[in-house]
Amino acid sequence: MNDNTESAYQEWAKQPNLPANILLNLNNMKNDPDQKKDAFGTVLSFGTAGMRGVMGAGTNRMNIYTVRQAAEGLASFMDTLDDATRKRGVAISFDSRYHSKEFAHESAKVLGFHNIPTFVFDDIRPTPELSFAVRHLHTYAGIMITASHNPKQYNGFKIYGQDGGQMPPKESDLITSYIRKNSDLFAIQVTPEQTLRESGVMNLIGENVDIDYLAKVKTVNIDLDLIKNVGANMKFVYSPLHGTGKVIARRALEEAGFKNYVVVPEQTIADPEFPTTPFPNPEFPQAFDLAKKLGKKVSADVLIASDPDADRLGCAVRQPDGNYQLLSGNQIASVLLNYILSAKKKASTLPENGTIVKSIVSTDLAVKIAASYGVATNNVLTGFKFIAEAIHHYETAHDHTFLFGFEESFGYLIKPFVRDKDAIQTVLLLAEVAAYYKSQGKTLYDGVDEMFKKYGYFAEKTIAKEFDGLDGKDKMAHILSELRDNPLSEINGHQVTSHADYSTSVLTDKDGKTSTISLPKSNVLKYWLDDETWVAVRPSGTEPKVKFYIEVVDKSQAAVNAKLKSYVDSLDKLIDQLINN
């Protein structure tokens with residue numbers, strides 16, 4: 001352990017009036033050099049997605065001091081703005097995790113010291129409602145305290161811009177520079193909450209924003225007669241996975257006319273322990289274990305779950321044998337898109353300049369669906385802020401009409417009164433789509449199968465390799481460097497027909513000809529192969545992982561399953577070589 005780590009530890013240990021949880025954590029690591037190194041050997045990184053980390057004592061942990069530092073960075077940046085802009089203030093929300101409310105209020109106390117108004121939700125609320133609140137209240141920025149779908153040990157701090165999307169890179173980089181200038185975590189000043197409340201600098205919000213958000217959410221549904229005649233009696237299960245969905249999703253469903261759904265009672269408790277699902281992520285089958293039991297008991301057609309901050313949504317549908325099949329994020333997005341476009345075409349409301357927006361690692365099935373309706377596709381970098389930026393451009397330039405946005409990681413946006421993925425909107429529309437297929441004696445999965453028969457069978461997989469510890473970033477950088485230094489010419493016996501390096505904005509075809517990619521630079525590589533397969537590689541922006549994305553296409557379910565397995569096996573070998581090279 002180097003002297004800097006030990007001296008940083010000692011600096012924390014000697015501080016007066018430390019919170020009890022910080023004192024306990026410091027004491028527990030007193031004789032553990034590895035723990036000290038991990039907690040104090042570096043600082044918690046702050047990027048365009050904010051910061052996220054394990055809670056505890058240290059500069060590389062989420063605690064009131066690192067949260068104050070982040071809030072101070074935002075405040076210092078806002079101090080450079082004109083007074084009218086500053087006075088628009090900051091909206092703040094938080095999820096059900098340990099210390100989330102505390103971190104939200106500490107952020108307000110830091111901003112309040114700078115006389116920047118804050119509008120803090122009175123209790124837990126979803127991330128999409130925070131995005132809505134920024135736009136609705138015309139604040140300059142927003143803060144969401146959440147670690148989304150991470151395990152219980154984590155928390156996070158996300159900053160939103162005035163459009164309701166995550167703060168754009170330019171402003172985010174400036175805020176990061178201010179955060180780093182405030183290196184003395186214990187010198188950051190706060191104003192007592194009572195003083196801020198009495199002076200009107202800190203304000204509580206809640207039901208007033210809920211009502212207006214729910215009024216907008218109600219406009220997401222398309223066929224109200226279908227909901228009245230079929231949806232009202234359709235049995236389905238909803239779970240908020242111990243999170244913020246319990247506050248708003250149930251109200252939204254009932255106001256929309258869905259009366260026969262049931263909730264998973266154990267998971268409707270806002271519990272920071274996440275006792276029923278260690279990984280509260282609707283991408284994982286285990287998160288649906290209790291929903292499946294309840295679904296079989298009540299004969300539910302569909303199981304729907306939102307993650308703890310209710311921005312992501314997953315679902316499972318009942319099969320003929322009574323078991324439930326999970327849909328992938330790409331499948332959910334595709335069946336939603338197909339319904340939206342077909343319903344709009346039927347109602348003669350499909351605009352001539354319609355477009356969908358998706359990330360570059362999301363399914364090309366959506367591209368084929370959109371094209372069949374004469375709708376364009378805009379591929380953007382991973383991160384919903386890029387979808388938000390596209391929407392802003394459309395509204396400014398009036399050159400396209402936004403119809404749907406999604407990422408394969410279970411994030412969808414139907415209507416742009418929110419500028420982040422929104423599970424509350426999605427639960428309403430997905431229930432309507434399920435009712436549509438039920439009215440035809442079919443299931444959501446039948447709807448997916450119909451698309452496959454029409455456009456080709458698509459299958460995908462994401463392989464995520466974790467690299468924990470202080471040397472994790474170096475290992476991740478090594479993998480990307482190896483791929484750039486030794487470009488792949490084939491994968492799984494198939495030729496690479498073109499590849500893109502988004503860090504240099506260069507697309508190269510098999511003959512070596514290059515063209516420019518008109519997207520912001522990003523540390524991503526993507527390969528297209530001669531059998532319609534594509535593979536992409538990118539390090540996660542919020543977790544110590546390198547993700548390898550694969551999508552394959554074939555003429556039947558059996559063929560595409562076999563093809564995907566073959567590619568996964570081939571990539572596993574390639575990844576091992578890259579790690580050990």
Side-chain angles (χ1 to χ4, degrees), residues 45 47-50 165-173 176 329-330 355-364 366-367 376-393 405-409 411 421 460-465 467 473-491 495-529 532-551 567 571 574-575 578:
S45 62
T48 54
Q166 288 182 38
M167 189 68 80
K170 181 183 175 183
E171 289 85 349
S172 181
D173 289 346
T176 300
N330 282 325
T355 188
I356 66 166
V357 190
K358 73 174 189 69
S359 70
I360 57 174
V361 295
S362 298
T363 184
D364 283 342
V367 181
T377 298
N378 182 4
N379 285 292
V380 298
L381 295 176
T382 300
F384 234 85
K385 60 181 172 289
F386 295 111
I387 294 177
E389 285 178 2
I391 296 169
H392 178 72
H393 168 79
F406 77 98
E407 292 184 326
E408 45 69 45
S409 53
K421 45 194 177 287
E460 67 283 323
K461 187 175 179 64
T462 301
I463 303 171
K465 293 292 183 181
F467 298 92
K473 289 182 181 178
D474 293 336
K475 291 178 181 176
M476 291 163 64
H478 172 73
I479 288 174
L480 273 295
S481 177
E482 280 289 315
L483 287 169
R484 288 191 170 99
D485 292 343
N486 304 286
L488 299 174
S489 59
E490 66 89 25
I491 302 173
Q495 295 300 306
V496 173
T497 56
S498 62
H499 72 273
D501 186 344
Y502 292 89
S503 71
T504 58
S505 300
V506 174
L507 176 69
T508 306
D509 70 15
K510 61 182 178 181
D511 299 320
K513 294 179 181 177
T514 61
S515 56
T516 301
I517 301 167
S518 59
L519 288 174
K521 291 183 178 181
S522 182
N523 189 15
V524 183
L525 297 168
K526 188 170 181 179
Y527 309 87
W528 290 266
L529 289 97
E532 284 195 86
T533 297
W534 60 258
V535 175
V537 186
R538 63 175 284 270
S540 170
T542 54
E543 300 168 287
K545 296 177 180 178
V546 175
K547 294 183 176 181
F548 295 78
Y549 304 82
I550 316 161
E551 178 165 86
Y567 268 98
L571 269 174
L574 173 63
I575 294 165
L578 291 168

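All of these numbers come straight from a predicted model, not from anything done at the bench.
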Keeping the roles fixed (side chain from T355, backbone from A376), state whether a donor-acceptor pair exists under 3.5 Å. yes
Between V496 and S489, is there a side-chain heavy-atom distance shorter than 4.5 Å? no
Report the residues that fulfil side chain to side chain donor-acceptor pair (under 3.5 Å) with S503, sequence neighbours left out, ordered by chain and then residue number. R484, D501
Name all residues meeting the salt bridge (charged side-chain N to carboxylate O under 4.0 Å, His left out) criterion together with K475; count only those two or more places apart in sequence or in a different chain, and write none if there are none. D471
Checking D509 side chain against G512 main chain: does a donor-acceptor pair fall under 3.5 Å? yes
State whether the side chain of S362 and the backbone N or O of K358 hold a donor-acceptor pair below 3.5 Å, judged by distance alone. no
Quick one: closest heavy-atom pair of A388 and G165, and the distance? CB-CA, 4.1 Å
Let me confirm one number: the CE-CD1 distance from M476 to I479, rounded to the nearest 0.5 Å. 8.0 Å
Would you say T516 and V506 make side-chain contact, with heavy atoms under 4.5 Å? no
From S498 atom OG to K510 atom NZ, the distance as rounded to the nearest 0.5 Å: 10.0 Å
Nearest heavy-atom pair of G405 and F384: which atoms, and what distance? O-CZ, 4.0 Å
Taking atom NE2 of H393 and atom CD of E389, what is their separation to the nearest 0.5 Å? 11.5 Å
How many angstroms lie between CD1 in I491 and CH2 in W534, if you round to the nearest 0.5 Å? 11.5 Å
Quick one: do I360 and L519 satisfy side chain to side chain contact (heavy atoms under 4.5 Å, CB included)? Show the steps, please. CA-CA 11 Å; I360 57 174; L519 288 174; 4.2 Å; yes
Is it true that, when you exclude H478 itself, more than 12 heavy atoms of the residues, nucleotides or ligands shown sit nearer than 6.0 Å to its NE2? yes
Gap separating the CG atom of L529 from the CD atom of E551, nearest 0.5 angstrom: 12.5 Å
So, do V380 and I387 sit near enough that their side-chain heavy atoms are less than 4.5 Å apart? yes
Pairing residues for F406 by the ring-ring contact (aromatic ring centres under 6.0 Å, His included) criterion, not counting sequence neighbours: F404
Would you sort out whether Y502 and I517 count as a side chain to side chain contact (heavy atoms under 4.5 Å, CB included), showing the intermediate values? CA-CA 7 Å; Y502 292 89; I517 301 167; 3.7 Å; yes
Taking it one step at a time, do V361 and T462 satisfy side chain to side chain contact (heavy atoms under 4.5 Å, CB included)? CA-CA 10 Å; V361 295; T462 301; over 6 Å; no
Do N379 and S359 come close enough that some side-chain heavy atom pair is under 4.5 Å? no
How about F467 and P539: do any of their side-chain heavy atoms sit closer than 4.5 Å? no
I356 vs N378 side-chain heavy atoms within contact, under 4.5 Å: no
Under 3.5 Å, is there a donor-acceptor pair between the side chain of K547 and the main chain of K465? no
Side-chain heavy atoms of Y549 within contact of R538, under 4.5 Å: yes
Stepwise side chain to side chain contact (heavy atoms under 4.5 Å, CB included) test for Y527 and L483: CA-CA 11 Å; Y527 309 87; L483 287 169; 3.9 Å; yes
Do T382 and E407 have side-chain atoms, one donor and one acceptor, less than 3.5 Å apart? no
Compare all side-chain heavy atoms of L571 with those of V535 and state whether any distance is below 4.5 angstrom. yes
Donor-acceptor under 3.5 Å (T508 side chain, K513 main chain): no
Within a reach of under 6.0 Å around CD of E171, are more than 12 heavy atoms found that belong to other residues, nucleotides or ligands? yes
Distance check, rounded to the nearest 0.5 Å: E460 atom CD versus T533 atom OG1? 12.0 Å
